[in-house]
K.L.:
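First the structure, which I've put down as structure tokens, then a few questions once you've had a look.
Not measured: the values here are computed from a predicted model. Here is the naming used below: chain letters follow the sequence lines, and residue numbers restart at 1 for every chain.
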Number of protein chains: 2
Amino acid sequence: MVERRRTRSTVSIVDVARRAGVSVSTVSRSLRGETNVAAATHERVRRAVDELAYVPSPAAAGLATGRTSSIGVLASFDYRWFLTSVLEGVDSALRAAGYDLLMYNVGDAEARDHFFSSSPMRRRVDGVLAVAAVLTGEEQAVLRKLDVPVVAVNGIRTLLPRVGIDDEAGAAAAVKHLALLGHTDIAMISGNTDALVGTVTPRRAGFEAAVAALGHDTDVIVVDRWGAEGGIQGMDRLLTRSTLPSAIFTESDEMAFGALRSLRRTGVRVPEDVSLIGFDDHELAPALDLTTIAQPAREQGAVAADLLMNMIAGTADTSADIKLPTRLIVRGSTRRHLAAGDTESDEVRHGDFSEQPASSAPSATRSPPSAQSTLARSARGH
Amino acid sequence: MVERRRTRSTVSIVDVARRAGVSVSTVSRSLRGETNVAAATHERVRRAVDELAYVPSPAAAGLATGRTSSIGVLASFDYRWFLTSVLEGVDSALRAAGYDLLMYNVGDAEARDHFFSSSPMRRRVDGVLAVAAVLTGEEQAVLRKLDVPVVAVNGIRTLLPRVGIDDEAGAAAAVKHLALLGHTDIAMISGNTDALVGTVTPRRAGFEAAVAALGHDTDVIVVDRWGAEGGIQGMDRLLTRSTLPSAIFTESDEMAFGALRSLRRTGVRVPEDVSLIGFDDHELAPALDLTTIAQPAREQGAVAADLLMNMIAGTADTSADIKLPTRLIVRGSTRRHLAAGDTESDEVRHGDFSEQPASSAPSATRSPPSAQSTLARSARGH
DNA sequence: TTGTAAGCGTTATCAA
DNA sequence: TTGATAACGCTTACAA
């Protein structure tokens, strides 16, 4: 070695080629699993790669092919439960195919503006997943200019191919559940359409259609806040009335959590005084014993990622609208509606609509232990 | 145009240079904001970029510089609240600096194995953020082999630089709050150290030290499940005792949610019969009226991202251990401990430790409206 | 202050 | 089945 101009620290395909005694093109072919490589050659390459601990440069490959082998996820980071659930599905589908996962937040106005004005995804992704996004026409145009396939996951219906659920049917199932329990006076707490979520209209539409089909009047409280806060707001408004409906459907489980809070604070019992059903099957719904309509979030992510990858490969129709099924999960927040005078039979009915805890938990009729335990504690060995 | 070998569809730096009437190196300098460019030249370049809608190729830049201008986030996607909160901070810090955000899930065993065996981050990131990760020595070694800076966000203490909170102090603050309320018999529901979370030991250690400092015996229930499930499990075990402690501290808010569920199911009232305090200030803690120790999740993400970027730039010490402050948030799940015989004054004390709802919500003493509302409803105009 | 040209590490075309 | 070699689009000495 007479003189080296620059010390190349990383091992490249050239080093592998030299070590294996073949040309770089052969190494490249072998590594990408092309068929026209002799088995023996393939094996020598494999060994050289191992020995040199060679890792291909994605940047170089990207430059040469024009592909990035990564996909971008556009989402509001504040949809915590839904987003992370979807991401689990997306991640597992993507990893299996060797794609990387780039995240972009459009949760608050600042992040959103930054995203749509600077368009940081350009030249960086082969495809885009828009999770629970509500996009203006302008924003959709920006995405289109990326010039890569885009799939919406459970956002509003646009021209984009979409993977989601049948929100109308889910809402109808909630109404049906309540109706079967004898409820006729059912209200819904729904989010304001102006807010940034795509499921407002369909769930409310499904609710209204189902209630109307039963021949009842529709009763929808529209709130302008989302999550538990919105539920509190909506429930507080309901509570200003002189009488409550016997059952309430909320746009989401988180709203139901908030509604539950208001009801407890006011001394209204669930399900004795009012039945409550949510939508989503949020991870905390079991802990709050909430009856709900479950949606398969993780699965939506996996299906959407697969669809997107097929679109990138050119082997998928670009106008899909896949709807995954929802399902009713009956827990303890809904129960049979009692006509006036029936109230004495409350306890008897209670078990009918509650999930039984899997563990041998103390029964609901057990009397609370004393709060005074200092003396008792000293009797425990430790 | 006599003949073109390949149709270059994308506009490159060469096109910009031609249009601006300068060399590519001048364009490159101008674009990267180097100072040795004449103002007039800079302006001509800017205009050419605009007119051609030029977007630099990250792949080409990465190939030339060896930098990727993206950072990788390693996390369990099932820490939904904490992860997304941290990500908000990370994202905002990163975007401002032009970095991209690559996500990698190590939540379940399969994803974890895949990550640590195939090491998909190699050559793809300039730095790594490990969020709430518990890493074996082997796994840390894999990260080290990436040969880029790594910062831990609120995981276990390792040799890695870390941004987190003072869990011990937070736990001590919880104990202090309960002690000031007169509680002497305080139990903790804590997670099993084997599970994949880094905050087990410090929070429990802080609890035990604080309780011991008060001269009381420590009383810790260790459960092997996390989240609400763990809280249910722990509370159910506590409920098998003949007496309950007067106050309970849980390792996390989600555990507190589960504990609350068990208590309600059993008919034990919070805070009348037992006080409950959590840790985190989970987004749903307000809806469950849970007193808790808040940790600044989003801020941890922002600080960690900044630290990481400084490390990448070489302008940061590589042994940081930054602890952000926690703070007590008093809501309605804790109250003054009543000596035997004091029980009649319950209502009087109640307001002392509850957050007042910001809205003009119905007061807690309002009597529940009738569940029969069909008639009333028909009186409303609609 | 600007231009020339040599990399960076792949892929892919074309011959052999 | 394999090998030379020209892109890919940028950065960065070095020269002017």
K.L.:
Let me know the distance between CZ of A:Arg29 and P of C:dA15, rounded to the nearest Å.
P.N.:
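Rounded to whole Å, this separation is 15 Å.
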K.L.:
Within the pair B:Ser23 and C:dT4, is there a side-chain N or O less than 4.0 Å away from OP1 or OP2?
P.N.:
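No, B:Ser23 has no side-chain N/O under 4.0 Å of OP1/OP2 on C:dT4.
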K.L.:
Compare the minimum distances between each of C:dT11, C:dA5, C:dG3 and the side chain of A:Thr65, then state the nucleotide with the smallest one.
P.N.:
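For the A:Thr65 side chain, the nearest candidate turns out to be C:dT11.
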K.L.:
Tell me: CZ of A:Arg18 to P of C:dT10, nearest whole Å?
P.N.:
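For the pair A:Arg18 CZ and C:dT10 P, the rounded distance is 13 Å.
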K.L.:
Do the side chain of A:Arg162 and the main chain of A:Ala152 share a donor and acceptor less than 3.5 angstrom apart?
P.N.:
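Not a single qualifying donor-acceptor pair exists.
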K.L.:
Checking B:Asp126 side chain against B:Ile71 main chain: does a donor-acceptor pair fall under 3.5 Å?
P.N.:
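Judged by distance alone, no pair lies under 3.5 Å.
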K.L.:
Taking DNA chain C as the partner, which of residues 42-63 of chain A come within under 4.0 angstrom of it by heavy atom?
P.N.:
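Here the set is A:Tyr54, A:Val55, A:Pro56, A:Ser57, A:Ala60, A:Ala61, A:Leu63.
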K.L.:
Once you round it to whole Å, what is the distance between C1' of D:dA16 and CG of B:Asn36?
P.N.:
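Whole-Å distance recorded here is 14 Å.
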K.L.:
Report yes or no: does A:Ser57 contribute a side-chain atom to a donor-acceptor pair with the main-chain N or O of A:Ala60 at less than 3.5 Å?
P.N.:
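The answer is yes, because a donor-acceptor pair under 3.5 Å joins these two groups.
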K.L.:
Quick one: do A:Arg47 and A:Asp50 make a salt bridge, cutoff under 4.0 Å?
P.N.:
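Judged by the 4.0 Å cut-off on N to carboxylate O distance, A:Arg47 and A:Asp50 do not form a salt bridge.
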K.L.:
Take the protein atom CZ of A:Arg32 and the nucleotide atom P of D:dT1, then report the distance between them rounded to whole Å.
P.N.:
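For the pair A:Arg32 CZ and D:dT1 P, the rounded distance is 16 Å.
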K.L.:
Which atoms form the tightest heavy-atom contact between A:Thr10 and A:Asp15, and what is the distance?
P.N.:
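The answer is O-OD2, 4.0 Å.
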K.L.:
Just the rounded figure in Å: distance from P of C:dT10 to CD of A:Glu34.
P.N.:
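A:Glu34 atom CD is separated from C:dT10 atom P by 15 Å.
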K.L.:
Under a 3.5 Å cutoff, is there a donor and acceptor pairing between the side chains of B:Asp91 and A:Tyr104?
P.N.:
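No, because no side-chain N or O of B:Asp91 sits under 3.5 Å from a partner of the opposite role on A:Tyr104.
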K.L.:
Does A:Arg67 have a side-chain nitrogen or oxygen under 4.0 Å from the phosphate oxygens OP1 or OP2 of C:dT10?
P.N.:
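It does not, given that no N or O in the side chain of A:Arg67 lies less than 4.0 Å from OP1 or OP2 of C:dT10.
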K.L.:
Any luck finding a side-chain donor-acceptor pair between A:Arg32 and A:Ser28 under 3.5 Å?
P.N.:
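There is such a pair between these side chains.
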K.L.:
Would one find a side-chain N or O of B:Ser25 under 4.0 angstrom from OP1 or OP2 of C:dA5?
P.N.:
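Checking C:dA5 against B:Ser25, no side-chain N or O comes under 4.0 Å of OP1 or OP2.
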K.L.:
Could you tell me whether a side-chain N or O of B:Thr26 sits under 3.5 Å from a main-chain N or O of B:Ala17, the two making a donor and an acceptor?
P.N.:
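Not at all, since once roles are kept as given, no pair shorter than 3.5 Å links the two residues.
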K.L.:
With a 3.5 Å distance limit and no angle check, can you tell me whether A:Glu88 reaches the backbone of A:Arg298 through a side-chain donor-acceptor pair?
P.N.:
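Here the side-chain-to-backbone pair does not exist.
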K.L.:
So, OP1 or OP2 of C:dG9: does either fall under 4.0 Å of a side-chain N or O from A:Ser12?
P.N.:
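So the side-chain polar atoms of A:Ser12 never come under 4.0 Å of the phosphate oxygens OP1 or OP2 of C:dG9.
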K.L.:
Go through residues 117-128 of chain B and report each residue with a non-hydrogen atom lying under 4.0 Å from DNA chain C, sorted by number.
P.N.:
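By residue number: B:Arg123.
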K.L.:
If you go through the side-chain atoms of A:Ser28, does one of them form a donor-acceptor pair with the base of C:dA12 closer than 3.5 Å?
P.N.:
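In this structure, the two groups form no donor-acceptor pair.
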K.L.:
Taking only the side-chain heavy atoms of A:Ala64 (C-beta and beyond), determine which of C:dC8, D:dT2, C:dG9 contains the nearest atom.
P.N.:
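Selected nucleotide (nearest to the side chain): C:dG9.
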